[in-house]
K.L.:
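What follows is a structure written as structure tokens; I'll ask about it next.
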Amino acid sequence: MRDVYMVSGGVSKFTKARPDRTFQPMVKEAFDYAMNDVPNLTIDQIDGSVASYFSDHFQRQLMSGIMVHDYLGLCPKESKRVEGGGATGGLCFQTAWAEVASGRQDVCVAFGFETMSHVNTWKGNEFIALASDTNYDYPVGGFYTGYYAMMVVRHMHEFGTTREQLAMVSVKNYQNAFHNPYAQKKMKITVEDVLNAPMVAYPLGMLDICVMSDGAAVCILADEKMAAKLTDKPVKIASVGCGTDAMRMADRPHGDVILLPHESPDDYKGLKYPGVHSFRAGRMGAKLAYERAGITNPLEELDFVELHDAYTSSEIQTYEDLGLCKYGEGGQFIESGKPNIDGICSVNPSGGLLACGHPVGATGLMQAVFAFWQLQGTIGKHFQSDKLQIKDAKRGLIHSHAGTGTYVTVSILEKPF
Amino acid sequence: MKKKETKLPETEEGTVLFNVPLPEDLSQLKKMSPIIIKWPYHTDYIHSYGQDSPFFAGLANKKLLGTKCPKCGYKYATPKFHCMYCGSECDWFELPLEGKIHTWTTCYYGGQEFLKETPFNLILVEFEGVDSLLLVRLVGISQDEIRIGMKVKARFRRNSQFKPTDVYFVPAE
């Protein structure tokens, strides 16, 4: 397999609704931004694309992928759509990586979008809940926040995690997003605000949950030769990993922890894993990505992480899956300040999904673009402020996660220059 | 946090409109506001429960049915027709009507279809000697009384709707 580099990226500002545009020109905004950032790249040099969007229900349009591909002027080049719930963006990124790594394409465009404003929020929640078993789960719960709430209630029971610790995640991510011009929501909030927000599904309140968004994001990946021609600041995709778990939470096993190199079986005596409190897919994706990138101590070897914080609880659970701390220590990890913007391993320096928004198909690619700019050292240029630029960032991780932890992708990006 | 402005709630009511003005100067059109229409959609699916059908027949007859793998012995509280671990075809067996709360939540909002039923409690039930769990509603108890490990028992609707909500649980203590 060949080395693969990210050479450019673009994001259309995520927002509640974009009635001024349909999805094709919205993606083109992100695409044009990415193309303008690598002026040596012409459409002729692009070999193909991969499309990322989650739901056909939101805009009631099938085959949206080809409609974007043609709008961008990429016909008759090759293209395909990938889909895997909330992880669609991460899967798209990894599919574009595979196109280039395999030698099939030298330059591949990964584009993603979602237009969730076409239905009201509660209808949108109904559509999202169709990503649960429609024989057994959807008719009983029919609400993703309810599913994640049950997972964190068990996490609190196993490990003593508190609502205050969940709230601290929200405060941190909103604080970061305040300096990100691409963020959908800009609010200065306190732990009290999060705790006092209207309850959605106990223990998750309105400020523990990301919102519905319209938005698009684009990543351009290339092989080493093309990357060198296109930019003096390429970012290497050091490795990709992906894990899975059973759709129904009821089916999750109660077995042994999948260990990372810096852990031992003694750390987890008596812990039944993953149960419904942890994401085995996240741990598996991380294990594969770390092995392939030669990472043995993630907290010390990663400068930052952009992870899928659709809920404050998922961020805490994901600290553990990624081995930033041991299972059960996610609550203390946020209290320690280690994931803060100035911490040892900043988590969601962009503001994450909680504050940036979550137009599903765009989200995983948005994370890649923000990580790319961090490693290029160009946050100041793209955000018009270098407040969120992590000094000397050399290696970052992006993490994309689908419904109740069914598909999780982990990709490691590195600065080669 | 910023104080919320006072405003009427947005609704999806609208007015039937058959024409809009168009400026003579076409260069003005790019500044035009988007036209937003209501586009209803309704479908009756012919949904078969397929191999899961006995579970629903069980509910109609006040029985909870799970499946067990004849080869590796794994027992599923939420039926699976083929074993996830060894691939064998499973057999049906009767679950106990009492179990314990493995985890829970109370939903104050929900998907549109269930919004009118809020608040409602969801629990995953664990049954003695059964490997996997079952998602059900817990009725007749408020959020502050629910505890992990609490004993709960099954109740069934008299007139079956052939939905997994034909069974619901209530506290057994």
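Residue numbers begin at 1 in each chain, while the letters A, B, ... track the order of the sequences. Given the structure is predicted, the values throughout are model-derived calculations rather than measurements. Hydrogens, waters and symmetry mates are skipped; everything else that's a heavy atom, side chains included, is used.
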K.L.:
Cation-pi check, R137(B) to Y168(B): give yes when NZ or CZ is under 6.0 Å from the six-membered ring centre and within 45° of the ring axis, no otherwise.
P.N.:
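Checked: cation-pi criterion not met.
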K.L.:
If you count the non-hydrogen atoms of other residues, nucleotides and ligands that lie under 6.0 Å from NZ in K16(A), is the total more than 12?
P.N.:
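Atom NZ in K16(A) is crowded, with more than 12 foreign heavy atoms closer than 6.0 Å.
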K.L.:
In terms of heavy-atom pairs under 4.5 Å, which option from A77(B), G149(B), P79(B) contacts chain A the most?
P.N.:
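Most pairs with chain A among the choices: P79(B).
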K.L.:
Please classify the contact between H254(A) and chain B as side chain, backbone, both or neither, with a heavy-atom cut-off of under 4.5 Å.
P.N.:
side chain
K.L.:
I'd like to check P198(A) versus Y108(B) (side-chain heavy atoms, cut-off strictly below 4.5 Å). Are they in contact?
P.N.:
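Side chain of P198(A) against side chain of Y108(B), heavy atoms only: no contact under 4.5 Å found.
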K.L.:
Below 4.5 Å, heavy-atom pairs only: which of H277(A), R248(A), E192(A) has the largest tally toward chain B?
P.N.:
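Most pairs with chain B among the choices: R248(A).
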K.L.:
Checking Q143(B) against chain A: side chain, backbone, both or neither under 4.5 Å from a heavy atom?
P.N.:
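Looking at Q143(B), just its side chain touches chain A.
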K.L.:
Among T118(B), I35(B), L134(B), T78(B), which has the most heavy-atom pairs under 4.5 Å with chain A?
P.N.:
T78(B)
K.L.:
Checking L124(B) against chain A: side chain, backbone, both or neither under 4.5 Å from a heavy atom?
P.N.:
both
K.L.:
Does the gap between the ring centers of Y41(B) and H57(A) come in under 6.0 Å?
P.N.:
no
K.L.:
Based on non-hydrogen pairs under 4.5 Å, which of D20(A), V276(A), T145(A), N135(A) is most in contact with chain B?
P.N.:
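Among the listed options, the one with the most contacts to chain B is N135(A).
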K.L.:
Heavy atoms only, distances under 4.5 angstrom: which of D137(A), T121(A), T190(A) has the most pairs with chain B? Name it, please.
P.N.:
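The candidate making the most pairs under 4.5 Å is D137(A).
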K.L.:
Before we go on, tell me: are the rings of W104(B) and Y202(A) under 6.0 Å apart, centre to centre?
P.N.:
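Ring centres of Y202(A) and W104(B) closer than 6.0 Å.
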K.L.:
Before we go on, tell me: are the rings of F58(A) and F127(A) under 6.0 Å apart, centre to centre?
P.N.:
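Yes, close enough.
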K.L.:
Parallel, tilted or perpendicular: which fits the ring planes of F113(A) and F23(A), with parallel below 30° and perpendicular above 60°?
P.N.:
parallel
K.L.:
Heavy-atom distances under 4.5 Å only: say whether L135(B) touches chain A with side chain, backbone, both or neither.
P.N.:
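Both the backbone and the side chain of L135(B) come within 4.5 Å of chain A.
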K.L.:
Under a 4.5 Å heavy-atom cut-off, does chain A meet the side chain of I36(B), its backbone, both or neither?
P.N.:
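For I36(B), the side chain is the part near chain A, not the backbone.
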K.L.:
Heavy-atom distance under 4.5 Å to chain B: side chain of R154(A), backbone, both or neither?
P.N.:
both
K.L.:
Chain A heavy atoms under 4.5 Å from M32(B): which part of the residue, side chain, backbone, both or neither?
P.N.:
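For M32(B), there is no contact with chain A at all, as no heavy atom is under 4.5 Å.
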K.L.:
So which part of P119(B) gets closer than 4.5 Å to some heavy atom of chain A, the side chain, the backbone, both or neither?
P.N.:
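For P119(B), neither part sits under 4.5 Å from chain A.
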K.L.:
Would Y136(A) and F55(B) count as a close aromatic pair, with their ring centres under 6.0 Å?
P.N.:
yes
K.L.:
Do Q317(A) and Y311(A) make a side-chain contact, defined as non-hydrogen atoms from C-beta onward lying under 4.5 Å apart?
P.N.:
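Side chain of Q317(A) against side chain of Y311(A), heavy atoms only: no contact under 4.5 Å found.
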K.L.:
In terms of heavy-atom pairs under 4.5 Å with chain A, which of E113(B), H47(B), E12(B), K163(B) leads?
P.N.:
E113(B)
K.L.:
Report which part of N120(A) has an atom under 4.5 Å of a heavy atom belonging to chain B: side chain, backbone, both, or neither.
P.N.:
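Both parts, backbone and side chain.
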K.L.:
Is there a side-chain contact between Y144(A) and T404(A) in this structure, where contact means two heavy atoms from C-beta onward sitting under 4.5 Å apart?
P.N.:
yes
K.L.:
Where does Y49(B) contact chain A at under 4.5 Å (heavy atoms): side chain, backbone, both or neither?
P.N.:
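Contact with chain A is through both the backbone and side chain of Y49(B).
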K.L.:
With a 4.5 Å cut-off on heavy-atom pairs, point out which of G146(A), G275(A), P19(A) contacts chain B the most.
P.N.:
P19(A)
K.L.:
Does F178(A) have K188(A) sitting over its ring (NZ/CZ under 6.0 Å from centre, angle to axis within 45°)?
P.N.:
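Verdict for F178(A): a cation-pi partner in K188(A).
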K.L.:
For Y138(A), is it the side chain, the backbone, both, or neither that has a heavy atom closer than 4.5 Å to a heavy atom of chain B?
P.N.:
both
K.L.:
Need one label for E10(B): side chain, backbone, both or neither, based on atoms under 4.5 Å from any heavy atom in chain A.
P.N.:
neither
K.L.:
Flag the one option from V152(A), D251(A), N125(A), V140(A) with the top tally of heavy-atom pairs under 4.5 Å to chain B.
P.N.:
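Greatest number of close heavy-atom pairs with chain B: V140(A).
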K.L.:
What are the two closest heavy atoms between S117(A) and A17(A), and how far apart are they?
P.N.:
CB-CB, 3.5 Å
K.L.:
Any carboxylate oxygen within less than 4.0 angstrom of a Lys/Arg side-chain nitrogen, looking at R18(A) and E29(A)?
P.N.:
yes
K.L.:
Check whether R21(A) gets within reach of chain B through its side chain, its backbone, both or neither, counting any heavy atom under 4.5 Å.
P.N.:
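Contact with chain B is absent: no heavy atom of R21(A) under 4.5 Å.
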K.L.:
Heavy-atom pairs under 4.5 Å with chain B: which of P253(A), A246(A), G124(A) has the most?
P.N.:
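Result: the option with the highest number of such pairs is P253(A).
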